[in-house]
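What follows is a set of notes on a single structure, which appears directly below.
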2 protein chains.
Amino acid sequence: MNETKERILDTAERLIGEQGYAATSLRQIIANAGVNLAAVHYHFGSKEELLDEVVMRKGAVMNTARLASLDRAEALAGDKPVEVSAVLDAFFAPMAEVAGANPEFVRLMGRIYSEGLMPAIVQKHFHPTIERFVSAFRRALPNLPQDEILWRIHFMVGAMAHTMLSAPSLPHPAKGETDVQQRMKRLLPFLIGGFRAPASSSEED
Amino acid sequence: MNETKERILDTAERLIGEQGYAATSLRQIIANAGVNLAAVHYHFGSKEELLDEVVMRKGAVMNTARLASLDRAEALAGDKPVEVSAVLDAFFAPMAEVAGANPEFVRLMGRIYSEGLMPAIVQKHFHPTIERFVSAFRRALPNLPQDEILWRIHFMVGAMAHTMLSAPSLPHPAKGETDVQQRMKRLLPFLIGGFRAPASSSEED
DNA sequence: GTCTATACTGAGATAGAC
DNA sequence: GTCTATCTCAGTATAGAC
């Protein structure tokens, strides 16, 4: 790849992850990357399309890992449906793995979510992945109406996005509490409980 | 209140709710409100402080209702802790009520959340409310570590914010599916299940 | 105390020279 | 493929009219 283009991508990833998309100007990016302003528009067309490429550069890898993980879980389950917890694990484990090698990238994704820019990117690039996971959730939760499953995935995405970006202010933050991997581990039981809940608010327990 | 000020607040609420904060310029607001640009800075100081007043004008009422609802639930429970479902209801019912009379305001809040602007406003105005609800959750879930409770509230806020703003794309949207009140009703069982889940991912069911 | 007119700085985008 | 110059529009600040 062109070196100018790559320097822009690297710098944009770092700065947008630190400050957010809106708060990071193209002028700041080009100053840090040591390139000209017009080079951004030449290589990417617009600030928004630059963001798109920043996200997809590593996002595509993560997504492939998600699908592979779901493949493995389905092969392991044979004819039976994959457990909810395993579906969630297939979705979150690759993200945790990326977070290990590249924590600032997951943080960047959290920022993009919280700035409301993710839906457009997801719509554009992640549609097949979503279809696969929706099917898996449906098989795992045969008693839930199909609409209800889509809503719960919606709730999950909200909790995930919020959690990727920020943490509650804890009185005594535990070691590694700021770590994205740890956060995802904490999120999982909550989501499993949420998905397994009955559809109406009838009696349970 | 000054009429100019009120016209600015009304117009800002409507436009920011429709388009988001970043996408709505002061110049667009003043053009629709029929006032001068400098009047905004005279009455509010900055675009950010204008947003603060827009949110708090109705947000304060909603918050008072939340505390009153929690008061009633605690009085009803006597010595026993209030059920998780009742704590969640005290938190969400006032929002659903506001949504009934003023659906665009809840949508505005969703936008503010998703643009990452809510934490600053919450920090500034809603701190006592948060304290009260954290205590109620602690009493309702005595077996969960205190940190875990704060994390789950964090997850709840994420799911809520995301749901206030958007809905999943459903194949056959039910009647009223776009209604914020309906969404909150759907969210509740998911959250109850999430809060009641065991802290670690040990065996359950 | 309220508001109008206007100017300042910095943003994203683009045309055209090289 | 790169860069200079320039355009439009944003938020902000202020001087001064009423």
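- Taking side-chain N and O atoms only, B:S25 has no distance below 4.0 Å to OP1 or OP2 of D:dC9.
- Contact check, B:S46 against D:dG11: no side-chain N or O comes under 4.0 Å of OP1 or OP2.
- Between B:E3 and B:R7 there is a salt bridge, since a side-chain N of the basic residue sits under 4.0 Å from a carboxylate O of the acidic one.
- One atom, CD1 of B:I30, and another, P of C:dT6, lie 14 Å apart when rounded to the nearest Å.
- A salt bridge is defined here as a Lys NZ or Arg NE, NH1 or NH2 lying under 4.0 Å from an Asp or Glu carboxylate O, and B:K47 with B:D52 fails to meet this definition.
- When rounded to the nearest whole Å, the span between CD of B:E48 and P of D:dA13 equals 12 Å.
- In this structure, NZ of A:K47 is placed 15 Å from C1' of D:dC9, rounded to the nearest angstrom.
- C:dA13 atom P lies 11 Å from atom CD1 of A:I29, rounded to whole Å.
- Closest to the side chain of A:Y42, out of D:dG1, C:dA13, C:dT2, is D:dG1.
- Between A:L50 and A:V54 the shortest side-chain heavy-atom distance falls below 4.5 Å.
- At the phosphate of C:dC3, OP1 or OP2 sits under 4.0 Å from a side-chain N or O atom of B:H43.
- Note on B:A38: a base of the nucleic acid sits closer than 4.0 angstrom, heavy atoms only.
- The base of C:dG12 lies close enough to the side chain of A:R27 for a donor and an acceptor atom to sit less than 3.5 Å apart.
- Stacking of A:R152 on the aromatic ring of A:F195 is not recorded, the 6.0 Å distance cut-off and the 45° axial limit not both being met.
- Residue B:N2 has no polar side-chain atom (N or O) positioned under 4.0 Å from OP1 or OP2 of C:dG1.
- Remark: aromatic rings of B:H162 and A:H162 are distant, center separation not under 6.0 Å.
- Between B:L37 and B:K5, the residue anchored closer to the 5' end of DNA chain C is B:K5, taking for each the nucleotide with the nearest heavy atom.
- Taking atom CG on A:L26 and atom P on C:dT14, their separation rounds to 12 Å, with Å as the unit.
- Look at CG on A:N36: it is 17 Å from P on C:dA17, rounded to the nearest Å.
- For the pair B:R7 CZ and C:dC3 P, the computed distance is 9 Å after rounding to whole Å.
- Close to C:dA13, at under 4.0 Å from its OP1 or OP2, lies a side-chain N or O of A:H41.
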